[in-house]
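A short worksheet on the structure shown next.
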There are 2 protein chains.
Amino acid sequence: AASTTAASKIYGSGDTRVVALDKVDVSFAQGQFTAIMGPSGSGKSTLMHCLAGLDRLTDGAVRIGDVNISELSEKDLTLLRRNKIGFVFQAFNLVPTLTAIENITLPMDLGKTKPDQAHLDEVIRAVGLADRLKHKPNELSGGQQQRVAVARALGSRPDVIFADEPTGNLDSQTGAEILAFMRRAVNEFGQTIVMVTHDPVAASYADRVLFLNDGRIVNELQNPDA
Amino acid sequence: AASTTAASKIYGSGDTRVVALDKVDVSFAQGQFTAIMGPSGSGKSTLMHCLAGLDRLTDGAVRIGDVNISELSEKDLTLLRRNKIGFVFQAFNLVPTLTAIENITLPMDLGKTKPDQAHLDEVIRAVGLADRLKHKPNELSGGQQQRVAVARALGSRPDVIFADEPTGNLDSQTGAEILAFMRRAVNEFGQTIVMVTHDPVAASYADRVLFLNDGRIVNELQNPDA
Ligand SMILES: Nc1ncnc2c1ncn2[C@@H]1O[C@H](COP(=O)(O)OP(=O)(O)OP(=O)(O)O)[C@@H](O)[C@H]1O
Ligand SMILES: Nc1ncnc2c1ncn2[C@@H]1O[C@H](COP(=O)(O)OP(=O)(O)OP(=O)(O)O)[C@@H](O)[C@H]1O
Ligand SMILES: [Mg+2]
Ligand SMILES: [Mg+2]
């Protein structure tokens, strides 16, 4: 569903040079749930943003499906992202002037696609926001904002979901609801999920765990248990 | 060091009415390390903001030291916050145009106080940011931004530190460095720390854990182990 070949991302130069990704080869099969763990600053968000076409590599290639996304025009990349990719940002990136429900349906409203209402209701139930839909982000707790970001990525049922630390601001019970929903999305609908997490319990929901350090994949675990 | 009496915070009215805090009585002794846990949306950040004078209660009182802070002028409240209180925000609240080190020393620069350089160096070492000090927030990972926010609250060695989920974006090793530093600050300097967390391992560093649900304190554990 997604892959990188020799992906490198370098910031700055001279003594401010930072190699955020160092020739990373990784691939995510359709219908697979992968967790990515690693120290703070090891390149996880950078990898996710480059995979989703939100940032450009310095070197190497990214494929979504069988499309090399660096060959796409800005317009086609935007369409690909809107139709095929859901992204949960580490910093949520909600629109402050829209309510929770407007934030959640924003990708579909922009793409003028009608949501599958039963699926959307199920997403809203799983994230526990049914009684907060009319609130704006500044009227929500940190974890509620995070859940709006999660629901926005899941609501359109995209082929591939990139979730950057989706449960970091949630208590274990609220997080478990979301992780169980994501597990079902993979099992029942064949969606592909790539989830960055610092929480081993969250990682245990995945089919495999990749470990990143200093911009490289240094280890891989299959079928992890907490 | 800090306490509330019958603290209530109510948002909205009619059917958008939310009771975020419900007559909360709590007190934090000088030199005590308290963790606060509870479901997402249970009122933890609201309690912390009201304790630190960043938000006003609908009813009840907050004391810092023996001062009822609702009786202070805006000017005196600002001085109290700057001199006595450190706050780690759940959303970090860094200044985007300042570098990491400028963000860290901002409270002291505003107050025109000179930092204790040895202490500041120790804080920077504990949060692991020595090689990122000249970076701006948008050149830092999520966890690095969180660590800047932590260092800013600790750097001036305030009497009371309120930390709202200070390790949520950190791997366990980076988080442990910060928690150990906070434990030392309490043990060696008699600082008071109130830390909201969703992580039981982080809570185990505290002297006691308070559990919040629906705006009330529902349980308390002394000397918790993970
Ligand atoms: N301006 C507002 N208007 C209406 N409701 C609000 C407003 N601000 C906060 N709330 C509500 O108050 C409740 C408590 O919020 P608070 O931020 O204290 O929760 P929290 O315990 O910190 O949660 P989290 O663990 O998700 O950070 C939430 O249910 C939230 O929706
Ligand atoms: N614009 C930039 N200029 C210089 N360095 C940068 C820039 N953006 C990111 N970096 C650096 O790239 C590295 C990788 O960042 P990234 O956000 O991918 O880390 P991460 O693994 O997601 O960390 P965390 O767990 O803290 O979120 C970090 O060390 C960061 O400081
Ligand atoms: Mg990150
Ligand atoms: Mg909060």
Side-chain angles (χ1 to χ4, degrees), chain A residues 11-12 15-16 18 20 37-49 89-92 94 127-129 131-148 150 164-165 167-175 177-178 196-201 203 211-213 215, chain B residues 11-12 15-18 20 37-49 89-92 94 127-129 131-148 164-165 167-175 177-178 196-201 203 211-213 215:
Chain A
Y11 295 106
D15 44 81
T16 65
V18 174
M37 302 185 80
S40 173
S42 56
K44 307 179 296 297
S45 296
T46 303
L47 177 60
M48 298 272 280
H49 281 243
F89 291 88
Q90 191 169 0
F92 319 153
L94 302 182
V127 298
L129 286 175
D131 60 350
R132 286 284 182 279
L133 294 177
K134 295 274 160 55
H135 286 177
K136 295 215 178 68
N138 70 347
E139 298 169 327
L140 295 173
S141 78
Q144 289 165 345
Q145 293 173 22
Q146 184 162 45
R147 289 184 263 154
V148 173
V150 170
D164 200 347
E165 299 189 35
T167 62
N169 282 277
L170 303 177
D171 55 278
S172 49
Q173 194 158 332
T174 311
E177 286 277 343
I178 287 172
V196 168
T197 184
H198 284 305
D199 179 3
V201 171
F211 294 85
L212 216 66
N213 200 0
Chain B
Y11 294 106
D15 46 79
T16 65
R17 187 170 186 266
V18 174
M37 302 184 79
S40 172
S42 56
K44 307 180 296 297
S45 296
T46 303
L47 178 61
M48 298 272 280
H49 282 243
F89 291 89
Q90 190 169 359
F92 318 154
L94 302 183
V127 299
L129 285 176
D131 60 351
R132 287 285 183 279
L133 294 178
K134 295 275 161 52
H135 286 151
K136 295 214 178 67
N138 69 348
E139 297 168 329
L140 296 173
S141 77
Q144 289 164 344
Q145 294 172 22
Q146 184 161 44
R147 290 183 262 155
V148 173
D164 200 346
E165 298 190 36
T167 62
N169 282 277
L170 303 176
D171 56 278
S172 51
Q173 194 158 331
T174 311
E177 286 278 343
I178 287 173
V196 169
T197 184
H198 285 304
D199 179 3
V201 172
F211 293 85
L212 218 65
N213 199 359

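Labels below follow one simple rule: chain letters A, B, ... track the order of the sequence lines, proteins then strands, and each chain is numbered from 1. These figures come from a predicted structure and were not determined experimentally. Worth knowing before you read on, the calculation uses all heavy atoms, side chains too, and leaves out hydrogens, waters and symmetry mates.
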* **Option in B:Ser172, B:Ala91, B:Gly142 with maximal non-hydrogen atom pairs under 4.5 Å from chain A** => B:Gly142
* Could you have a look at A:Gly38, A:Gly12, A:Gly41 and say which one has the most heavy-atom pairs with chain B under 4.5 angstrom? => A:Gly41
* **A:Val18 versus B:Arg132, closest heavy-atom pair with distance** => CG1-NH2, 3.7 Å
* Contact summary for A:Ser40 and B:Arg147, nearest pair of heavy atoms -> OG-NH2, 2.7 Å
* Nearest-0.5 Å distance, NE2 of residue A:His198 to CG of residue B:Asp199 -> 11.5 Å
* Structure fact -> Of all heavy-atom pairs linking A:Asn169 and B:Gln90, the shortest is OD1-NE2, 3.0 Å
* So what's closer than 4.5 Å to chain B heavy atoms on A:Gln173: side chain, backbone, both or neither? -> neither
* Structure fact -> Those residues at least two apart in sequence (or on a different chain) that pass ring-ring contact (aromatic ring centres under 6.0 Å, His included) with B:His49 are B:Phe87, B:Phe89
